[in-house]
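We use all heavy atoms of the structure for the numbers below, so side chains are in, but hydrogens, waters and symmetry mates are not.
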Amino acid sequence: MPRNPRTPRPSRCAHAPAGRPHGDKAFVTGILTCREDFERARAWHLTDAADFDSYLLDTAVLLAEARRTYGAVQARMFHLDDFADFCLLHRLDPAEPASRDRYLVNPPLQTQLLPYQGEELVGDFVPRLVRARESGLTLRHIELLLGDGDGGPETGQRVRQSHQQASELFRRMLVGAGFGAYRFLCAVEAPGGRLEAEARILHWEDGVVRINDEDLDLVCAVLCAGLYRELPGAALLHGSQGAAGACGEYRQVAWAWQSEGHGYVPAAVQLDEVAARPGFSLGTVC
């Protein structure tokens, strides 16, 4: 495990087959994402930094050095309650570095890992880490609803078909909305609690759509779970519609759709305090 006296102690490890150079390894680190967690982490000696701001600076140095040294750099939110539960479950001492490494690479939590590609840490990457943890918990819930792959080839085929249907629904919503900057919300009422997903979308004039991969995966997974289990759900798309080339003309829009467990149809919906009128018919979008 790499060591650097200038970098924060929490949680980094690198793995590769024996004998392989650093360039072929994947570097994994955990990042404390708020001042409150930073102060709580002192009890377990997770960091040597004097304060949270210094910790973030040290973390930025760590990530930059890792990008120069290793083939891939990944990070996840170091959530103290999750870590405490993990140590209790596996009878580990939370003050031991080996416990932190085991927590970071715990297989059920791999969906919380994000690739780090040089983004600005505070304004961009740290908020994405927080969302990735929430998304990872939702994805685990969805896996349980879908049977974790059990049920044989027929079940697997149904899951794939539901995922394809979900992806197509989302595509039609974005194509029908046209150029603009949007926020997409969806929710499915599922056993064990509501499933929710959110995504920020930029739809450019040339047809290119910009959306974070992890947000896209979660949106499609939530829609897929609702269709597969035939659960009630709702989706909402709102933001500024318009193209930069259209003389700067933009208009605020808010469309919504609802499902009783099968396809989505236009309906007035409110999600996350956003109220939307019935959207356009998805059947008319190519």
Side-chain angles (χ1 to χ4, degrees), residues 119 123-139 141-142 162-190 193-227 231-286:
E119 301 94 327
D124 184 4
F125 197 62
V126 166
R128 286 178 60 202
L129 292 177
V130 176
R131 293 200 305 273
R133 174 186 175 266
E134 297 169 353
S135 299
L137 295 176
T138 300
L139 288 170
H141 186 178
I142 290 171
S162 297
H163 195 276
Q164 291 171 357
Q165 184 182 358
S167 299
E168 178 63 14
L169 278 170
F170 188 43
R171 186 192 72 82
R172 287 174 180 258
M173 292 174 185
L174 298 185
V175 170
F179 310 137
Y182 305 104
R183 177 175 175 237
F184 180 82
L185 303 167
C186 65
V188 168
E189 304 302 331
R194 172 184 275 199
L195 303 173
E196 296 179 322
E198 175 181 345
R200 299 280 181 175
I201 301 148
L202 288 177
H203 190 173
W204 299 105
E205 294 174 78
D206 58 4
V208 173
V209 174
R210 297 292 299 272
I211 178 175
N212 286 332
D213 289 342
E214 62 268 22
D215 295 338
L216 175 61
D217 291 344
L218 185 64
V219 164
C220 291
V222 168
L223 294 174
C224 170
L227 296 169
L231 301 169
L236 188 154
L237 185 68
H238 73 105
S240 299
Q241 183 191 44
C247 301
E249 295 181 3
Y250 297 88
R251 69 186 184 103
Q252 294 301 306
V253 296
W255 298 296
W257 299 266
Q258 205 161 32
S259 173
E260 294 304 319
H262 302 282
Y264 278 72
V265 297
V269 166
Q270 179 168 325
L271 286 176
D272 195 27
E273 300 183 352
V274 178
R277 63 182 178 84
F280 43 86
S281 173
L282 298 175
T284 63
V285 179
C286 297

Discussion item. With rounding to the nearest 0.5 angstrom, report the CG to CD1 distance, Leu216 to Ile211.
Written reply: 5.0 Å
Worksheet item: Should Trp204 and Arg210 count as side-chain neighbours, where that means a heavy-atom distance under 4.5 Å?
Response: yes
Worksheet, complete the sentence: Taken in chain and number order and not counting sequence neighbours, the residues that satisfy ring-ring contact (aromatic ring centres under 6.0 Å, His included) with Tyr264 are none
Discussion item. Restricting to non-hydrogen atoms, name the atom on Ala275 and the atom on Ala254 that form the minimum distance, rounded to 0.1 Å.
Written reply: O-CB, 3.8 Å
Worksheet entry | Ser167 to Cys220 - nearest heavy-atom pair and separation | OG-SG, 3.7 Å
Worksheet item: For the ring pair Trp255 and Phe280, is the centre-to-centre distance below 6.0 Å?
Response: yes
Worksheet item: Does atom CG of Asp124 have more than 12 heavy-atom neighbours from other groups under 6.0 Å away?
Response: yes
Discussion item. Please tell me whether Ser240 and Gln252 have a donor and an acceptor in their side chains that are separated by less than 3.5 angstrom.
Written reply: yes
Worksheet, complete the sentence: For Ala234 and Val269, the nearest pair of non-hydrogen atoms, with its separation, is CB-CG1, 3.9 Å
Worksheet entry | Least distance between heavy atoms, Leu195 atom then His141 atom | CD2-ND1, 3.3 Å
Discussion item. I'd like to check Thr138 versus Leu218 (side-chain heavy atoms, cut-off strictly below 4.5 Å). Are they in contact?
Written reply: yes
Fill in: Test: Arg131 and Glu198 ion pair at under 4.0 Å
no
Item to complete: Given side-chain contact (heavy atoms from CB on, under 4.5 Å), test Leu237 with Leu174 step by step and report yes or no.
Response: CA-CA 9 Å; Leu237 185 68; Leu174 298 185; 4.3 Å; yes
Worksheet item: Quick one: CD on Glu196 to CD on Glu189, what's the gap to the nearest 0.5 Å?
Response: 8.0 Å
Worksheet entry | His163 vs Leu223 side-chain heavy atoms within contact, under 4.5 Å | no
Worksheet item: Which residues pass the side chain to side chain contact (heavy atoms under 4.5 Å, CB included) test with Val265, sequence neighbours left out?
Response: none
Discussion item. Looking at every non-hydrogen atom in both residues, tell me the closest pair between Thr284 and Ser281 and how far apart they are.
Written reply: OG1-O, 2.7 Å
Fill in: The single option from Ile142, Leu227, Val222 passing side chain to side chain contact (heavy atoms under 4.5 Å, CB included) against Val188
Val222
Fill in: Verdict with supporting geometry, His238 and Val253, side-chain contact (heavy atoms from CB on, under 4.5 Å)
CA-CA 5 Å; His238 73 105; Val253 296; 5.8 Å; no
Item to complete: Please assess Leu282 against Glu168 for the test side-chain contact (heavy atoms from CB on, under 4.5 Å), listing each intermediate value before the final yes or no.
Response: CA-CA 10 Å; Leu282 298 175; Glu168 178 63 14; over 6 Å; no
Worksheet item: Among Trp257, Tyr182, Phe184, which one satisfies ring-ring contact (aromatic ring centres under 6.0 Å, His included) with Phe170?
Response: Phe184
